[in-house]
2 protein chains.
Amino acid sequence: MMSILNPSLSVDCVIFGLDTKEQALKILVYERNIFPDENSSNKNLKFPGSLVADDESLDESAYRVLKELTGLKNICLKQFRAFGDPARIKYDEEREWSEKHYGVKIDRVVTIAYYALIRIDEQNPDQKLIRDKLRWINIDDADNLAFDHSYILTKSREALQQDLIFQNVMAYELLPKKFTLQQLQSMYELILGSKFDKRNFRKKIGKADYIVPLGEKQNGVAHKPAMLYRFDHKKFERSKEGIRNFFI
Amino acid sequence: MMSILNPSLSVDCVIFGLDTKEQALKILVYERNIFPDENSSNKNLKFPGSLVADDESLDESAYRVLKELTGLKNICLKQFRAFGDPARIKYDEEREWSEKHYGVKIDRVVTIAYYALIRIDEQNPDQKLIRDKLRWINIDDADNLAFDHSYILTKSREALQQDLIFQNVMAYELLPKKFTLQQLQSMYELILGSKFDKRNFRKKIGKADYIVPLGEKQNGVAHKPAMLYRFDHKKFERSKEGIRNFFI
DNA sequence: CATGTAAGTGTATAATTAACACTAACAAAA
DNA sequence: TTTTGTTAGTGTTAATTATACACTTACATG
């Protein structure tokens, strides 16, 4: 039994996925069909989202969306910004689609935006649950999305970069359970959009006790096999308690 | 002519004020009288805020609040978080007050929170405009505020600290036009809640070209007069363009 | 067994941080 | 006019961290 949806409040989820094989950062988009002539553009693509039910918190709403639309759970969502321009809904077609979709009259909608990080991995059973209207697109191709979602994307990426640099966020969700240091470095590079020196990177990693080497190596690769590592969540949490001594 | 207020959307402004004389960080609160027996507690105190009008953006709404309630303008507001627990309104008295105040039926309200920084300064003419229901309270005394405003305060302070450390935000709004390095250091210490070494602090400041010494010194003080400095906004903006080279 | 490919490793230099104590300049009081 | 109290202002050293840079190793494949 669904509660009443608030017609002026929504949540939207920017879901970043790291494609380790393609070495690409992608986002999950929901495809509608409200502009039939625009198959080549992104006007039909939006982020997974929903109006907020009157008895749920914003976080609950975001997790509900994620679960309903993608089947994903146990992933970490982070609220990063509210978007409330009265003209966010740009086209009549979009408003009509929304009204039909939610069954309520819609005027102005303020959306609370979240981002999440997951890995794109065919071995990952969760992936099967993603519905057919959803698909991954490369983040570099994600211009001109529906509503103000391109702007939301820009802001989400800024927030992610900030969090990655300064808070060491949950970016490890993006990697497989066992990963190589090259994959780790590549993740940083993809998110931050810059390259790092391999040796210096590994020196830093060496100091992080929460990146722990398994005894194990890659196999089946046509080159020197890399050591596999895992991420220790407990040690990570403990390390984050360390005092910040930065200023200015 | 006022537009229609959205009964489920509000903005709230956490306004930090630096009292240079008292060396204290304060916040601006609005006093109501809905719990007559609670003069000693903070249950009657809330942040300046308002429901959002249907034709204004969130930012516009926040600036309107600020101007209507305090007369302040030209100060920088920063959105930092949305708060949407359905049980944010804790007491019937609060709901009744809100309904009477805004003249609409109120159920669940999601608030978008902003913070701002200003200096508390009797020479500052803006200060005269602050209305009688508003007053400054010391940030350390600000427990048990109305609604979830104590929680909002905690989060706003975290956001401010983050922004101060990592972005070098507009904290210079907190200082008088001409300030001493001691005042500057004290501002950092009050916001971040820790102490710094004077010499090391000044060494860092020395590298920031946007803190420029006026030729001038303090006078009338019963000790060696300090050099006065000013803040150069243009140089500051330029310096922020510098590439961030942090990672991990 | 030759080839291609990514893994893995060390050092020297520069830059930054952290810790630490005395003298100088003023107003007010004696 | 001298003394006292108070805050301003200043430099060095040692430790840590950041940066730049090139060759050898281990595997799969042909």
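Letters A, B, ... mirror the listed sequences (proteins, then strands); counts begin at 1.
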May I ask you to say whether A/E237 pairs ionically with A/K234, meaning some side-chain N is under 4.0 Å from a carboxylate O?
no
Counterpart residues, side-chain hydrogen bond (donor to acceptor under 3.5 Å, both in side chains), relative to A/D59 (two or more places apart):
A/Y114
Rounded to whole Å, please give me the gap between NZ in B/K204 and P in C/dA15.
17 Å
Take atom CD1 of B/I211 and atom P of D/dG9, then tell me their distance rounded to the nearest Å.
14 Å
Output the rounded distance in Å from CZ (B/F201) to P (C/dT17).
13 Å
Polar side chain donor-acceptor pair, B/D85 to A/S57, under 3.5 angstrom
no
Whole angstrom value for the distance that separates C1' of C/dA7 from CG of A/L228:
12 Å
Ring pair (Phe, Tyr, Trp, His ring centres under 6.0 Å) partners for B/F147, two or more places apart
B/H149
Could I get a table of every N or O pair under 3.5 Å where one atom is in the protein and the other is in nucleotides 14-17 of chain D?
none

Could you give the CG-to-P distance, from A/L181 to C/dG8, as a whole number of Å?
6 Å
Can you build the contact string for nucleotides 20-30 of chain D? Use B for base contact, S for sugar-phosphate-only contact, and - for no protein heavy atom under 4.0 Å.
BBB--BBBS--
Using a 4.0 Å heavy-atom cut-off across all strands, classify B/Q182 as base, sugar-phosphate, or nothing.
sugar-phosphate
Would you list the pairs meeting salt bridge (charged side-chain N to carboxylate O under 4.0 Å, His left out) in which at least one residue belongs to residues 172-189 of chain A, sequence neighbours left out?
A/K178-A/E216, A/E189-A/K195
Please tell me whether A/F236 and A/F231 form a close aromatic pair, meaning their ring centres lie under 6.0 Å apart.
yes
Salt-bridge criterion met for B/D209 and B/K235 (N-O under 4.0 Å):
no
Between D/dT7 atom P and B/Q183 atom CD, what is the distance in whole Å?
13 Å
Can you list every salt bridge (charged side-chain N to carboxylate O under 4.0 Å, His left out) pair that touches residues 217-230 of chain B, not counting sequence neighbours?
B/R230-B/D232
B/K195 NZ - C/dA18 C1' separation (whole Å)
18 Å
Between A/F196 (CZ) and D/dA18 (C1'), how many Å, whole number?
13 Å
A/F47-A/Y30 aromatic ring centre distance below 6.0 Å
no
